[in-house]
Amino acid sequence: MQVLQLAINGVSVGAIYALVALGLTLTYKATEVLNFAHGDVLMLAAFIGWGLIVGWHWPFWLALPATLALVGIAAYGLERGVMRRIAGQPQFAGVMLTIGLAFMIRGAVSMGFGPESRKFETPFSGHTTHLGPVVVADLNLAIIGAVLAVTAALFVFLTRTRLGVAIQAASQDQLAAYLSGIRVKRLNSLVWGLAGALAALAGMLLSPITLVDISLWFVLLKSLAALVLGGFGSAPGAIVGGLLIGLIESFAGVYAPGAIKDVVAYIVLIVVLVVWPRGLLGEAHGRRV
Amino acid sequence: MSVTAALLSVRNVETWYGPVCAIRGVSLEVAAGRIVAVLGANGAGKTTLLNTIAGVIDPFKGVIEYRGAPIQRRDPDAIARLGLTLVPEGRRVFPFLTVAENLAMGTFARRAGAARKGDRDGIAADRERIYGWFPRLKERAAQHAGLLSGGEQQMLAIGRAMMARPDLLLLDEPSLGLSPLLTREIFSIVTRINAETGMTILLVEQNARAALEHAHDGYIMELGRIVAADTCAALMQKDDVREFYLGMGASAGADGRKRRWKRTKTWR
């Protein structure tokens with residue numbers, strides 16, 4: 001019984017990690033930049049959602065799409081205005097730039113909203129559902145459902161639509177995509193916008209569990225562990241890795257001593273990097289040139 | 001060579017890779033409806049020339065005019081959408097997309113309006129026509145392009161470019177890494193495409209014999225310069241071309257020794 005309970009909690013937290021890892025994978029594949037500001041975009045989205053719901057008294061169902069749209073547009077603009085300028089530079093340029101952006105977002109939020117944590121209510125908060133013998137918080141069910149739906153929609157978009165296949169094409173061979181007349185620069189901005197919206201969704205789903213707080217960006221580190229475990233650069237790997245990290249944390253919280261729960265994701269990260277750096281679903285072939 | 005209406009005209013183009021000057025003031029003209037071949041050895045600047053025309057590299061100097069309007073320093077995707085499509089060196093198909101998806105990607109360069117609405121039939125018809133030229137692509141339509149053989153990938157790269165319905169097709173070494181048999185097949189299809197659709201083709205080749213036999217006009221490049229320009233028939237009659245590029249040694253001289261142009265003549 002307890003096992004089932006822990007599994008469901010683990011899956012719902014893991015679904016958030018998966019969503020964040022998926023956003024990281026999308027931008028990495030499209031622009032070859034590992035976006036270290038992704039966690040802070042998520043945190044910013046949680047504060048914007050709080051501002052709309054608590055500050056302006058918007059209903060949750062209006063604030064959620066508004067936050068997604070706002071953050072998505074901001075991320076689109078970030079690629080167009082900033083990230084595009086370092087295209088073609090060595091990878092560490094992207095790392096340094098996004099770390100810088102992360103600190104700027106963090107600073108702006110703590111100046112604009114103040115350092116204290118806060119919370120907002122969702123339609124699911126405080127309700128529970130009995131699934132057979134297990135009692136599950138509705139919030140957890142909503143998280144799992146939302147992540148499932150978004151992942152499925154993303155999969156259909158990337159494999160079945162002309163635009164989605166073009167995004168894949170541009171990530172496989174950017175030059176050939178340019179020569180085929182695909183507007184690669186615009187697509188890259190679009191992918192960043194999409195990833196920003198995914199981060200915003202993760203923020204709106206995660207902050208009711210935790211709190212709306214600056215430290216929400218830490219979820220990025222857990223998601224990096226998920227990425228490495230699942231296989232860097234693989235979208236299915238991001239999802240599997242995220243779910244596994246969530247499960248491992250959930251079980252470690254009960255069966256492992258002390259505060260192992262808080263560091264177990266990083267232990268997994270190190271072990272995977274040492275023992276099996278390709279990860280579970282990582283690409284077998286080397287990187288394309 | 002009489003040029004009536006030049007579709008593409010390149011004038012005094014100079015391109016640098018950092019401190020290295022890869023092409024040094026090249027001028028050439030491509031008339032509508034012709035197959036034009038640029039020949040030259042490794043490092044002559046042929047690929048650089050095509051990449052400069054297609055917008056992959058920006059020229060340092062010079063003018064590239066397409067339909068009378070300058071196109072240099074524009075993004076390669078914008079140039080592709082003008083109807084000028086490059087099949088790059090080494091084919092560069094999308095390895096993890098299927099053959100059919102690769103072909104579909106070519107349609108992004110179709111001229112405005114055509115791809116947007118009501119062109120479904122046109123796209124389907126073009127795809128069938130390409131499958132007609134390259135029946136092997138049809139057999140493998142659902143396979144990942146990365147699993148095709150080199151020749152099939154070349155066919156796919158040409159097919160993908162044709163899906164754009166270009167007015168000017170640029171081919172960078174279509175025979176690269178292919179057997180003589182496949183090279184002949186690719187060239188005969190290139191000739192057929194030109195005859196059936198009237199499409200203008202500018203191709204760059206090391207395989208001089210195949211290129212001279214199939215093209216109408218030829219340019220010869222050496223060390224970043226154009227050193228000869230004529231119709232292919234005329235080029236093939238030149239002794240130096242015959243010796244350097246076709247491997248047909250000149251006949252023995254009066255003193256019984258083999259006369260070799262190479263010793264006495266350079267292009268510079």
Side-chain angles (χ1 to χ4, degrees), chain A residues 25-26 28-32 79-80 84-85 87-90 154-191 231-238 281-289, chain B residues 50-51 53-57 74-98 100-112 114-116 119-120 123 144-147 153 156-157 159-166 169-172:
Chain A
T25 305
L26 276 181
Y28 179 74
K29 295 222 13 156
T31 55
E32 309 239 316
E79 200 286 331
R80 211 191 149 112
R84 187 175 290 183
R85 290 165 198 276
Q89 300 294 325
L154 205 58
F155 178 78
V156 171
F157 170 65
L158 286 175
T159 55
R160 296 277 177 272
T161 68
R162 196 171 124 88
L163 199 60
V165 177
I167 289 175
Q168 285 193 60
S171 82
Q172 289 170 25
D173 192 328
Q174 188 141 312
L175 175 63
Y178 270 115
L179 294 176
S180 304
I182 297 172
R183 291 175 160 87
V184 178
K185 288 182 179 171
R186 198 185 290 177
L187 274 193
N188 288 346
S189 303
L190 188 72
V191 169
F232 206 85
S234 150
L281 303 176
E283 287 158 11
H285 39 81
R287 263 180 46 73
R288 308 174 312 273
V289 182
Chain B
L50 283 200
N51 282 343
I53 294 171
V56 179
I57 319 168
R74 298 181 68 164
D75 280 344
D77 55 324
I79 290 176
R81 289 193 298 273
L82 292 174
L84 193 160
T85 304
L86 169 65
V87 178
E89 188 174 24
R91 345 212 206 269
R92 307 198 77 144
V93 295
F94 301 117
F96 304 109
L97 297 186
T98 65
E101 284 171 334
N102 263 278
L103 289 178
M105 288 301 104
T107 62
F108 273 90
R110 282 176 172 243
R111 251 54 52 74
R116 288 286 160 266
D119 197 31
R120 283 248 170 86
I123 288 174
H144 276 189
L147 302 175
Q153 288 191 9
L156 178 57
R160 181 179 64 191
M162 296 298 294
M163 288 301 283
R165 288 209 162 187
L169 185 67
L170 308 177
L171 295 175
D172 197 345

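Only a predicted model underlies this, so the values are computations on that prediction, with no experimental measurement involved. First the proteins, then the strands, lettered A, B, ... as listed; each starts at 1.
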**OP:** Run through B:L171, B:I57, B:V87, B:L86 and flag the one making a side chain to side chain contact (heavy atoms under 4.5 Å, CB included) with B:L50.
**Re:** B:L86
Original post:
Which bit of B:D75 is near chain A, if near means a heavy-atom gap under 4.5 Å: side chain, backbone, both or neither?
Top reply: side chain
Subject >> Residue pair B:R160, B:T85: steps toward the side-chain hydrogen bond (donor to acceptor under 3.5 Å, both in side chains) verdict >> reply: CA-CA 10 Å; B:R160 181 179 64 191; B:T85 304; over 6 Å; no
Subject >> Per-residue contact mode, A:V165 against chain B (heavy atom under 4.5 angstrom) >> reply: both
**OP:** Could you have a look at B:L84, B:V93, B:D77, B:V56 and say which one has the most heavy-atom pairs with chain A under 4.5 angstrom?
**Re:** B:D77
Subject >> Side chain / backbone / both / neither for B:A164 at chain A, heavy atoms under 4.5 Å >> reply: neither
Original post:
So do A:T159 and A:Q168 actually touch side chain to side chain, heavy atoms under 4.5 Å?
Top reply: yes
**OP:** Kindly indicate whether the side chain of B:H144, heavy atoms from C-beta on, has any atom under 4.5 Å from the side chain of B:T98.
**Re:** yes
